[in-house]
Visitor: 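This is the structure, below, for whatever I ask next.
Letters go in sequence order (proteins before strands), and every chain restarts at 1.
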Amino acid sequence: MKFTDLEKIRVEKIERMRQAGIEPYPTRSEVTHTTAEAIRLFTEGEQAGRTDPVQVTVGGRLRSIRLMGKVYFAHIEDGWGRLQLFFRINDLGEEAMEQFREFFDLGDFIQAGGEMFRTRSGEITLHVRHYKMLAKAITPLPAAKDEVVDGEVVRHAALTDPETRYRQRYADLAVNPEVREVFRTRARVVKALRDYLDNLGFLEVETPILQPIYGGAAARPFVTYHNQLKQNLYLRISFELYLKRLLVGMLDRVYEIGRDFRNEGVSYKHNPEFTQLEFYMAYADYLKIMEITENMIAHVAETVLGKRVISFNGHEIDLTPPWRRLELRQGILEVTGIDIDAHPTADSLAEAMRAHGMQPKPGYSRGKLIDSLLGDFLEPTLIQPTFLYNYPRDISPLAKSMPGNPQITERFEGYVGGMELCNAFTELNDPLDQEQRFLEMGRDYNPEDEERHPMDEDYLRAMSYGMPPQGGFGMGIDRLTMLLTDRHTIREVILFPHLRESGE
RNA sequence: GGGCGUGUAGCUCAAUGGUAGAGCAGUGGCCUUUUAAGCCAUUGGUUCAGGGUUCGAGCCCCUGCACGCUCACCA
């Protein structure tokens, strides 16, 4: 390891500690309480009028040290909170006071034991009778001294540089408690989703991440290779095709929460790997899935945040069901003045777009043009929760067509905060129709493209055994977490977001 | 991949083309007993990297790297 000057000073302290017979990295601690437990015990005793001392040994990082000659104050922080320590030479003796002064730095993990009391200024504090180094920190935490004003921690010059925060998330978490809170919230979101689906009788399953044929979404995959099998494998881009096989196998309600991988550009709402929830429900259609969706999201907000009206990006968003339902055709008509139903071909639609001063991408299919109208003009306006429904067939190859209208599929997407949150449809379960869709899809691919999507014969065989009618649903957990924590980039809700190699 | 922007001490930030600074952190000292981001002193720099212009470059130019925003891409 290479050390800075600041770090060298601490490395030397480690050597001097060992010379003084103090182990800087002892194997065991004697911690009996968290800081929060210690404070709660004391407060309860105080309220009950008890005078017997509350004896605790707590552990944590040193976050502030104030040496005042023969008395020291310090704060430690653990995963539950902060506690002030009070050291007095009368209690600890000269040697212990001197060793603390000489060897202990901000960021060190220590334990301290004694009894709880309240200082003259009112702060609940541990009167230290004994203390011990638990783990010496060599690298200073990237934050300046904290102070506590009226019980609130005020940090001066906190770590803010996004590159350092993401590359050294451990340091970010260590000094920015609100970052820890984001990931606690994220965990509660996942738990609330699981509870909701479990209560509806869904079975949680795990399907392959390494897949010989990828599918279920339109995305470029990551490719890897199995040495012994001499076989290319793809990291999954969705769970869909495997989960739907399970409904053939009579697992009527299944869901999976896991990682998807898409070899595409990164942005504030795209990370190369992201967490997805997909569920499939036999005998349901997309209308039923809409109901489950709005209720599930409202339930999650209620459980995690205790409220259904959230604040996101300066907007007040009310997640209370029922959410607005807006037919895709109507939505596009309202924001662009173009009626997609009046333009049954790509050429016709492109002409209409040009007439409205737009520049449609040459070579796009009608469905892709509609998708671009949606993304460019409609999506940013969908702040309050909205289900857009009825999507064109050619961009929905796994969704069932509407009865009597083969060009429109029973598909919807949920939008909140101007961001696509989820995608769902009445699942196509007609194997002959599905094969036809795959073949049509193949026409979009250049035959010379080595990444050309192969036909998933096994999926068709599964469907040929008979697949119950069903509704399916997919949602990005990362984006939901962004909404519920009011973070505006996906990197804020992923512990270790992907960054370019720094070459350091 | 394109455009725009940013990169200075451990952290947060200053510095007309003319001696690289501040606060915090660090180090040394003061501090006689429930508080103090305390007081005094002090250390610390390949100004992202490499070229160029200039008497002189943190600053201007070129190339590269990283990050941010944005566009493109993205059933």
Visitor: Quick one: does A:Q84 reach the base of B:U35 with a side-chain donor-acceptor pair under 3.5 Å?
Guide: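 Flag set: donor-acceptor pair detected.
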
Visitor: Given B:U12, is OP1 or OP2 found less than 4.0 Å from the side-chain N or O atoms of A:T160?
Guide: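 For A:T160, the contact criterion (side-chain N or O under 4.0 Å from OP1 or OP2 of B:U12) is met.
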
Visitor: Test of understanding: with salt bridge (Lys or Arg N to Asp or Glu O under 4.0 Å), list the residues that count as partners of A:D371, not counting sequence neighbours.
Guide: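 Checked A:D371 against salt bridge (Lys or Arg N to Asp or Glu O under 4.0 Å); zero matches.
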
Visitor: Can you tell me how far P of B:A25 sits from CG of A:L159, to the nearest Å?
Guide: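 In whole Å, B:A25 P lies 17 Å from A:L159 CG.
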
Visitor: Can you list everything that forms a ring pair (Phe, Tyr, Trp, His ring centres under 6.0 Å) with A:F377? Sequence neighbours excluded, please.
Guide: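 Here no residue qualifies.
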
Visitor: Quick test of your reading of the model: are A:D105 and A:K136 salt-bridged, counting only N-O distances below 4.0 Å?
Guide: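 Counted as a salt bridge, because a side-chain N and a carboxylate O are separated by less than 4.0 Å.
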
Visitor: Side chain of A:R88: nearest nucleotide among B:C69, B:C11, B:U33?
Guide: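 Out of B:C69, B:C11, B:U33, the nucleotide with an atom closest to A:R88's side chain is B:U33.
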
Visitor: From C-beta outward on A:L6, which listed nucleotide comes closest to its side chain: B:U33, B:C74, B:A25?
Guide: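 Closest nucleotide among those given: B:A25.
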
Visitor: Check every atom of B:G26, B:U34, B:C67 against the side chain of A:F73 and return the nucleotide holding the closest atom.
Guide: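 Looking only at heavy atoms from C-beta outward on A:F73, the closest nucleotide is B:U34.
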
Visitor: Quick one: A:Y268 OH to B:U70 P, roughly how many Å, whole number?
Guide: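 For the pair A:Y268 OH and B:U70 P, the rounded distance is 7 Å.
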
Visitor: Which of these nucleotides, B:C74, B:G26, B:C11, is closest to any side-chain atom of A:L106?
Guide: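 Looking only at side-chain atoms, A:L106 lies closest to B:G26.
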
Visitor: Please state whether the phosphate of B:C73, meaning OP1 or OP2, lies under 4.0 angstrom from any side-chain nitrogen or oxygen of A:K361.
Guide: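 So the side chain of A:K361 is within the cut-off, an N or O lying under 4.0 Å from OP1 or OP2 of B:C73.
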
Visitor: Considering every strand and a 4.0 Å limit on heavy-atom distances, what is the contact class for A:R411: base, sugar-phosphate, or nothing?
Guide: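 Counting heavy atoms under 4.0 Å across all strands, the contact made by A:R411 is with sugar-phosphate only.
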
Visitor: Look at the side-chain N and O atoms of A:K8 and state whether any lies under 4.0 Å from the OP1 or OP2 oxygen of B:G26.
Guide: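 False: A:K8 side-chain N/O out of range (4.0 Å or more) of B:G26 OP1/OP2.
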
Visitor: Which pairs, with at least one residue in residues 407-426 of chain A and sequence neighbours excluded, count as a ring-ring contact (aromatic ring centres under 6.0 Å, His included)?
Guide: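 ring-ring contact (aromatic ring centres under 6.0 Å, His included) check on residues 407-426 of chain A returns A:F387-A:F412.
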
Visitor: What I want to find out is whether A:E379 reaches A:K269 closely enough, with some N-O distance under 4.0 Å, to be called a salt bridge.
Guide: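 Salt bridge: yes.
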
Visitor: With RNA chain B as reference, determine whether A:N90 or A:H498 sits nearer its 5' end, using the nearest nucleotide of each.
Guide: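 Looking at RNA chain B, the more 5' nearest nucleotide goes with A:N90.
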
Visitor: Would you call A:E15-A:R18 a salt bridge at under 4.0 Å N-O?
Guide: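 Result for this pair is no, no salt bridge flagged.
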
Visitor: Excluding sequence neighbours, so at least two apart, what forms salt bridge (Lys or Arg N to Asp or Glu O under 4.0 Å) with A:E102?
Guide: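 Salt bridge (Lys or Arg N to Asp or Glu O under 4.0 Å) check on A:E102 returns A:R16.
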
Visitor: Pairing check on B:U35: which nucleotide meets the Watson-Crick or G-U wobble criteria with it, both distances under 3.5 Å?
Guide: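 Across all strands, not a single nucleotide pairs with B:U35.
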
Visitor: Distance check needed: B:G38 P versus A:Y72 OH, whole Å only.
Guide: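 Rounded to whole Å, this separation is 17 Å.
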
Visitor: Return the nearest nucleotide to the side chain of A:H127; candidates are B:U34, B:C67, B:U33.
Guide: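 Among the listed nucleotides, the one closest to the side chain of A:H127 is B:U34.
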
Visitor: Considering every strand shown, what is the Watson-Crick or G-U wobble mate of B:A9 when both distances are under 3.5 Å?
Guide: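 Per the H-bond distance test, none.
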
Visitor: In Watson-Crick or G-U wobble terms, both distances under 3.5 Å, what is the partner of B:U47?
Guide: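 Partner of B:U47: none.
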
Visitor: Looking only at side-chain atoms of A:R167, point me to the closest of B:C67, B:C74, B:U34.
Guide: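 Looking only at heavy atoms from C-beta outward on A:R167, the closest nucleotide is B:C67.
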
Visitor: Considering only side-chain heavy atoms of A:R66, which listed nucleotide, B:U34, B:U35, B:C13, is closest?
Guide: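 Shortest atom-to-atom distance from the side chain points to B:U35.
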
Visitor: Detail all sub-3.5 Å separations between protein N/O atoms and N/O atoms belonging to nucleotides 27-32 of chain B.
Guide:
{"from": "B:U27", "atom 1": "OP1", "to": "A:K13", "atom 2": "NZ", "distance (Å)": "2.8"}
{"from": "B:C31", "atom 1": "N3", "to": "A:G69", "atom 2": "N", "distance (Å)": "3.1"}

Visitor: Sort out for me which residue in A:R165, A:R167, A:R180 forms a salt bridge (Lys or Arg N to Asp or Glu O under 4.0 Å) with A:D172.
Guide: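 Running salt bridge (Lys or Arg N to Asp or Glu O under 4.0 Å) over A:R165, A:R167, A:R180 with A:D172 returns exactly one hit, A:R165.
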
Visitor: Taking CZ from A:R63 and C1' from B:C11, how many angstroms apart are they, rounded to a whole number?
Guide: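 One finds 12 Å between C1' of B:C11 and CZ of A:R63, rounded.
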
Visitor: Paired with B:A15 by Watson-Crick or G-U wobble geometry, both distances under 3.5 Å: which nucleotide is it?
Guide: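 Pairing partner, where one exists within any strand: none, as none qualifies.
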
Visitor: Quick check for you: among B:G26, B:C73, B:U34, whose closest atom lies nearest to any side-chain atom of A:Y364?
Guide: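 Nearest to the side chain of A:Y364 among the choices is B:C73.
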
Visitor: Any side-chain N or O of A:R500 less than 4.0 Å from the OP1 or OP2 oxygen of B:C67?
Guide: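 Affirmative; the distance criterion is met.
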
Visitor: Which residues within residues 107-119 of chain A lie with some heavy atom under 4.0 Å of an atom in RNA chain B?
Guide: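 Result for residues 107-119 of chain A: A:F117, A:T119, sorted by number.
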
Visitor: Identify which one of A:F86, A:F87, A:F100 satisfies the ring pair (Phe, Tyr, Trp, His ring centres under 6.0 Å) criterion when paired with A:F73.
Guide: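 One option only clears the test, and that one is A:F86.
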
Visitor: Of the options B:A72, B:U35, B:G44, whose atoms approach the side-chain atoms of A:S121 most closely?
Guide: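 Looking only at heavy atoms from C-beta outward on A:S121, the closest nucleotide is B:U35.
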
Visitor: Paired with B:G28 by Watson-Crick or G-U wobble geometry, both distances under 3.5 Å: which nucleotide is it?
Guide: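 B:C40 is the nucleotide pairing with B:G28.
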
Visitor: Less than 4.0 angstrom from a charged side-chain N to a carboxylate O is my criterion; do A:R500 and A:E163 meet it?
Guide: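 Judged by the 4.0 Å cut-off on N to carboxylate O distance, A:R500 and A:E163 do not form a salt bridge.
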
Visitor: Expressed in angstrom and rounded to an integer, what is the separation of A:L92 atom CG from B:U34 atom C1'?
Guide: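 My rounded result for the distance is 14 Å.
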
Visitor: Find which nucleotide of RNA chain B each of A:F86 and A:D161 is nearest to by heavy atoms, and output the residue with the more 5' nucleotide.
Guide: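 Looking at the nearest nucleotide for each, A:D161 comes out on the 5' side.
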
Visitor: Which base, if any, makes a Watson-Crick or G-U wobble pair with B:G1, both distances under 3.5 Å?
Guide: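 When the pairing criteria are applied, B:C71 turns out to be the nucleotide that pairs with B:G1.
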
Visitor: Closer than 4.0 angstrom, basic N to acidic O: yes or no for A:R245 and A:D458?
Guide: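 Yes, this pair counts.
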
